[in-house]
Number of protein chains: 2
Amino acid sequence: MWEEILARYLNEKRLKKSAKRERIIKFFFKVDKHLNVDELYEKLGKKVSRSTIYRTLKLLTKCGLAIEQKFEEKNRRYEPAHLSHHDHFICLKCGEIIEFNDKKIENTQNKIAQKYNFKIVSHKLEIYGYCEKCQKG
Amino acid sequence: MWEEILARYLNEKRLKKSAKRERIIKFFFKVDKHLNVDELYEKLGKKVSRSTIYRTLKLLTKCGLAIEQKFEEKNRRYEPAHLSHHDHFICLKCGEIIEFNDKKIENTQNKIAQKYNFKIVSHKLEIYGYCEKCQKG
DNA sequence: AATGAAATTGAAATTCATTTTCATTATTAT
DNA sequence: ATAATAATGAAAATGAATTTCAATTTCATT
Ligand SMILES: [Mn+2]
Ligand SMILES: [Mn+2]
Ligand SMILES: [Zn+2]
Ligand SMILES: [Zn+2]
């Protein structure tokens with residue numbers, strides 16, 4: 001539960017609660033997508049400054065509740081980290097991001113790593129192309 | 001051969017030859033690694049401005065001779081495109097970049113894409129961790 | 001070789017996302 | 001209520017990449 005993790009983190013770091021921050025975070029978890037700062041800014045009715053959004057997302061990342069994604073765009077996206085590991089399809093037309101997780105790929109990665117004596121810490125697989133809708137349209 | 005491709009491109013676009021550009025490009029292909037603008041600037045003895053290096057790498061990318069890579073760093077890297085498709089191991093300690101290509105991974109990607117009715121255009125697999133040397137050190 | 005149109009260059013200016021600063025406001029422990 | 005400290009937003013700063021522009025170079029045509 002993100003509420004507890006957040007509460008613990010704030011307490012630990014002697015940070016204070018604030019309405020703005022809560023609004024951002026609640027919304028972020030409700031929407032539960034890959035969002036960038038501007039999208040949050042717009043969807044929150046421009047009631048919270050970008051600075052605060054940036055700061056809040058950094059904070060969530062630090063306490064492990066969000067993951068920074070850098071797809072092939074100018075700006076970052078963030079996604080809630082409550083989901084298990086997965087990789088992404090990214091539609092080049094509509095920008096939709098589809099998540100998937102495949103055991104075989106993960107296993108194969110581990111095998112190759114072994115072959116190269118490479119110790120894996122993390123990985124990132126992004127597949128760019130066209131989603132079902134956009135192939136038709 | 002990159003020389004011909006480049007020559008054809010310059011001719012086609014009515015661009016002129018220049019010593020600076022040639023120096024950059026020759027060096028780029030000689031080194032044959034994943035370089036960023038600053039590394040090129042330094043290794044070329046600061047004899048060519050960063051602007052020109054940026055422009056030259058853009059040009060190479062446009063004519064298909066270089067590939068822009070955006071690993072998890074602040075700045076871009078470029079690599080010669082004469083190699084066939086491959087993915088990367090990236091060492092978190094020494095920064096070494098190891099290339100690999102695995103049929104099984106590529107096949108599996110295609111299968112998953114089919115399952116999601118996703119039409120693949122390109123993909124990017126980056127595996128972060130520690131290279132053989134850095135595990136020991 | 002000389003000319004001139006067009007491309008190239010480097011330095012400085014600009015852009016754009018993100019971070020930082022700082023003065024003001026809000027929160028919290030006492 | 002007070003004091004200490006965190007949170008906030010606006011503006012400034014940062015940094016990579018791009019663009020601008022005046023000066024230089026290239027090259028086709030004389
Ligand atoms: Mn995701
Ligand atoms: Mn490579
Ligand atoms: Zn789409
Ligand atoms: Zn290493």
Side-chain angles (χ1 to χ4, degrees), chain A residues 3 6-28 34-63 65-79 95, chain B residues 3 6-28 34-63 65-79 95:
Chain A
E3 282 94 341
L6 180 64
R8 194 176 318 131
Y9 185 84
L10 295 180
N11 189 51
E12 190 178 287
K13 299 278 181 188
R14 299 288 127 85
L15 302 178
K16 294 172 178 170
K17 282 173 197 163
S18 90
K20 301 269 175 87
R21 192 149 63 192
E22 262 176 41
R23 214 180 306 164
I24 299 168
I25 296 177
K26 274 215 177 96
F27 185 77
F28 175 68
H34 308 74
L35 294 169
N36 62 34
V37 168
D38 261 31
E39 287 166 353
L40 273 166
Y41 179 65
E42 294 296 334
K43 294 190 175 186
L44 284 165
K46 308 186 184 185
K47 299 291 192 200
V48 189
S49 76
R50 279 169 228 264
S51 305
T52 299
I53 296 173
Y54 273 114
R55 284 190 275 238
T56 302
L57 291 171
K58 262 275 136 63
L59 186 151
L60 286 178
T61 304
K62 275 192 210 141
C63 65
L65 289 170
I67 294 172
E68 279 185 17
Q69 300 284 7
K70 198 84 193 330
F71 299 126
E72 291 187 348
E73 293 175 302
K74 50 238 108 246
N75 48 19
R76 269 185 223 139
R77 292 185 175 276
Y78 287 84
E79 67 167 316
Chain B
E3 281 95 342
L6 179 64
R8 196 177 316 133
Y9 184 84
L10 295 181
N11 190 51
E12 192 179 285
K13 299 278 179 187
R14 295 288 127 83
L15 302 178
K16 293 171 179 170
K17 283 174 196 161
S18 88
K20 300 272 174 87
R21 192 149 63 192
E22 261 177 42
R23 214 182 306 166
I24 298 168
I25 297 178
K26 272 215 178 98
F27 186 77
F28 176 69
H34 309 72
L35 294 168
N36 63 34
V37 169
D38 260 32
E39 288 166 353
L40 273 167
Y41 179 65
E42 294 296 333
K43 294 190 177 188
L44 284 165
K46 310 186 184 183
K47 299 292 193 201
V48 189
S49 77
R50 279 168 229 266
S51 305
T52 300
I53 296 174
Y54 273 114
R55 284 190 275 236
T56 302
L57 291 171
K58 263 273 136 64
L59 186 152
L60 286 178
T61 304
K62 275 194 208 137
C63 65
L65 288 171
I67 294 173
E68 278 186 19
Q69 299 285 4
K70 198 83 191 333
F71 300 126
E72 291 187 347
E73 293 176 301
K74 50 242 112 237
N75 47 20
R76 272 187 220 138
R77 289 185 176 278
Y78 289 83
E79 67 167 315

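Remember, it's a predicted structure, so these values are computed and weren't measured experimentally. Labels below follow one simple rule: chain letters A, B, ... track the order of the sequence lines, proteins then strands, and each chain is numbered from 1.
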Throw together a table of side-chain donor-acceptor distances under 3.5 angstrom for residues 65-72 of chain B, partners on residues two or more places apart or in other chains.
unit_1, atom_1, unit_2, atom_2, d
B/Glu68, OE2, B/Tyr78, OH, 3.4
B/Gln69, NE2, B/Glu79, OE2, 2.6

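Atom CG in B/Leu59 sits about 12 Å away from atom C1' in C/dA7, given to the nearest Å. In this structure, the CD atom of B/Glu68 is 12 Å from the C1' atom of D/dA16, given to the nearest Å. For the pair A/Leu60 CG and D/dA7 C1', the interatomic distance rounds to 15 Å; values are reported in whole Å. If you take CZ of A/Arg23 and C1' of D/dA7, they are 13 Å apart, rounded to a whole angstrom. Rounded to whole angstrom, the span from the NZ atom of A/Lys74 across to the P atom of C/dT18 amounts to 11 Å. Distance CG (A/Asn11) to P (D/dA6): 13 Å, rounded to an integer number of Å.
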Contact pattern, 5' to 3', of nucleotides 22-30 of chain C - B, S or - by protein heavy atom under 4.0 Å: -----BS--
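Near DNA chain C, meaning a heavy atom under 4.0 Å away, the residues from residues 41-51 of chain B are B/Lys47, B/Val48, B/Ser49, B/Ser51.
Using a 4.0 Å cut-off, no side-chain N or O of B/Lys20 falls inside it from OP1 or OP2 of D/dT25. For the pair B/Tyr54 and D/dT18, the criterion of a side-chain N or O lying under 4.0 Å from OP1 or OP2 is not met.
With a cut-off of 3.5 Å on both Watson-Crick or G-U wobble distances, the partner of D/dT30 is given as C/dA1.
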